[in-house]
Amino acid sequence: MSRVSQGYVQEVLQLQGVGRDPDAAKAIAPVLAAQLDAAAGAYDRLPFETEPAAFLVALERKA
Amino acid sequence: MTAPHTWTLADAARAVKVRQISALELVEDVIARAQAVQPALNAFLRIDADLARAQARVADAELAHGRTRGPLHGVPMAHKDMYYRAGVPSSCGSRIKGEQPEDVTATALSRLDAAGAIQFAVLNMAEFAYGPTGHNYHYGHCRNPWNTDYITGGSSSGSAAAVGARATFAALGSDTGASIRLPAALCGVTGLKVTYGRISRAGAMPLSFSMDTVGPLARSAEDCALLLGVLAGHDLADATSSREAVPDYLAEITRPVRGLRVGVALNYFTDDVDPGVGTALTESVRTLEGLGCEIVPVTLPEMSAMDVAGTHVIAAEAAALHGAWLRQRPDGYSPQVLARLQRGLALPATKYIDALRLRGPSLDAFTRAVFDRVDVLHAPCLPIPTPTIAETDVGAGGGMDRTLALLTKFMRPFNYLGLPSVALPCGFHPNGLPVGMQLAGRPFAEGTILRVAHAFQQATDWHRKMPAL
């Protein structure tokens, strides 16, 4: 399970040019990353398709 | 005769068509109602009375010459202030956008215009549609018509408050993570979140392009069906709008529901449910059973993962879309929305992509577990009673984060899965505010969920209850 370090978050925010009050992001990012790792672990293999248009095709197939 | 502003959209359209009332009389009555409730609710950001009157006169002249534009001829409507109209500024609930007029008209507005509707106002909303409560620190908080101390829900706060207060027959909202269904549930109206791609999003403010949907809030399932028939369909201006055929929704909702299988979840949607909410939900299941629906218990796959992944997608896409303003004008945001957007900046790209890759398998797992067994899934809109504005305001402390998470927990998975879901009132909590239920369906099965909702509303009168304003 990965962890996003506080230093990493600070670095990202600086890269993005956003240095103002990043406390909320610092607090939540590691939690979100860990939650997503747990969620992804529920599936053996994930598809490569990520674009909205590809998901639309998946929906139309299930209609 | 009852006051025209209390009619449903369908009844108002019929009344104009047979010239029981003129479009101008209807517009005048609705504008008077809007102006009367505005001091209490703060639902409207702008009322264009003179423009609406001028359009109503044209509509009446057309009718006098035997011409009808479409099924909404001469009917006034107001919309969430995030649907662009060429030549007019759209605030999107923010001050950042300023008074710069838009250069396109949203496809949704164009289709309503072509059907004969008259837009008379724009409605309050959460700043950039990124908040679940109805708070807005730029234009003032929107207030619940059933008790103005309570939140409307968001982000389509003004849409739900105005429809609930009978100050517009219906309104466009948008649903990225519950933003139509949540305020619909809290304000006692009917709100439809469509299948991803069912309605064009061209010219609507984007928040999360993988999750955004356009949809109506109205006073009944029949009104939602009427509007969906006007709004749905492929649009060359939106590459993610579907070419799936658009059925006659008004015909579909009149079909019998006897024998339809309605799923009731054994897990997830049972978590943290307040007794007052649970009582109304249980009674709504009994009503459906009494209508001849077969009630089928279903076990859902892991839903929390879908809620989390959906949160990731919205956070990452919203932060990317707001990147320039976040760098250049962070002071233009309210502190709450700025903090929400900054969360997305801190998410690694790999996590965002993983969240998107989880989507297809999640849809497959959910449809196999649920829609291989039932036609419609019945669920609460939210587990908790409506909180007050003060309980969810800045500095409220004491469990506010948990309250905010519970507001969207039962609805956000359907955004992630791209599935349609309609929210409708099914009773009242002991606190005097409405309780909402949702009915979700297979992809593009809006006709089926609206059919069950319509049958429920033919057997009950929760959707006809009006707040004492």
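Computed over heavy atoms, backbone and side chain alike; hydrogens, waters and symmetry mates excluded. Throughout, protein chains are lettered first and strands after them, A, B, ... in sequence-line order, and every chain is numbered starting at 1.
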Point-to-point distance, once rounded to the nearest 0.5 Å, from CD of B/Glu244 to CG of A/Leu56: 9.0 Å
Side-chain touch B/Leu363/A/Phe55, heavy atoms, less than 4.5 angstrom: yes
Portion of B/Ser210 that has a non-hydrogen atom of chain A nearer than 4.5 angstrom: both
Closest heavy-atom pair and its distance - B/Gly418, A/Leu59: O-CD2, 3.8 Å
Heavy-atom proximity to chain A below 4.5 Å, by part of B/Thr195: side chain
Spacing of B/Asp364 atom CG and A/Lys62 atom NZ [to the nearest 0.5 Å]: 3.5 Å
Residue part contacting chain A, namely of B/Leu417, when any heavy atom lies under 4.5 Å: backbone
Interchain contact, B/Ser304 with chain A, by part (heavy-atom threshold 4.5 Å): neither
Contacting moiety of B/Phe444, where chain A heavy atoms sit under 4.5 Å: side chain
Sub-4.5 Å side-chain heavy-atom contact between A/Glu60 and B/Ser242: yes
